[in-house]
Amino acid sequence: MTSNERIQLVTRLIPAGCVASYGQIADLAGLPNAARQVSKALKADKDPETLPWHRVINAQGRISFPKDSAPYRLQMERLRVEGVIINNGKVDLRQFRWQPDMATLTLSIPF
DNA sequence: GCCGTGACTACAT
DNA sequence: GATGTAGCCACGG
């Protein structure tokens, strides 16, 4: 199991209506301080259709695509549909940040 | 094995 | 807030 696969696995665990930061995903995948690798892993995923990449945003609660770009709008739309409120282009992390329990992680992630 | 890259982050202006 | 800067690290060439 490669690092990329673990990142993708963790990402697929994020429930609808929640978001997680790149750094958070990296941590959960056992790769502290590898936030930048997360972006690459998501982009490299073999089956983007089943990957909730839109639930991954940066530590400021903002979408990391250029404002008004196609992927930016798509991500924002998907989050909105799932009930995630976006004010002035940013998500209230205190309200929507994913807080995985230990059971979920230990049962789902092969280390 | 070295080097450039990036959908990042934390901290300082 | 809006920049700038310096770490960060797995991956591909």
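Throughout, protein chains are lettered first and strands after them, A, B, ... in sequence-line order, and every chain is numbered starting at 1.
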Going 5' to 3' through nucleotides 1-13 of chain C and flagging B where a protein heavy-atom sits under 4.0 Å of the base, S where only the sugar-phosphate is that close, and - otherwise, we get S-----BBSBS--
Expected list for residues 25-43 of chain A: side-chain donor-acceptor pairs under 3.5 angstrom, two or more places apart:
residue, atom, partner, partner atom, Å
A/Gln37, NE2, A/Asn4, OD1, 2.8
A/Ser39, OG, A/Arg36, O, 2.7

Less than 4.0 Å between a side-chain N and a carboxylate O, is that true for A/Asp47 and A/Arg12? no
Opening and closing nucleotides of DNA chain B in contact with chain A, under 4.0 Å to non-hydrogen atoms: B/dT5 to B/dA10
Report yes or no: does A/Arg55 contribute a side-chain atom to a donor-acceptor pair with the main-chain N or O of A/Ile14 at less than 3.5 Å? yes
Heavy atoms of A/Pro48 and A/Trp53 approach each other most closely as O-CD1, 4.3 Å
Evaluate whether atom CE of A/Met102 has more than 12 neighbouring non-hydrogen atoms of other residues, nucleotides or ligands under 6.0 angstrom away. no
Determine yes or no for a side-chain-to-main-chain donor-acceptor pair under 3.5 angstrom, with A/Ser108 supplying the side chain and A/Leu105 the backbone. no
State, yes or no, whether a side-chain contact exists between A/Gln75 and A/Phe65 at a heavy-atom distance under 4.5 Å. yes
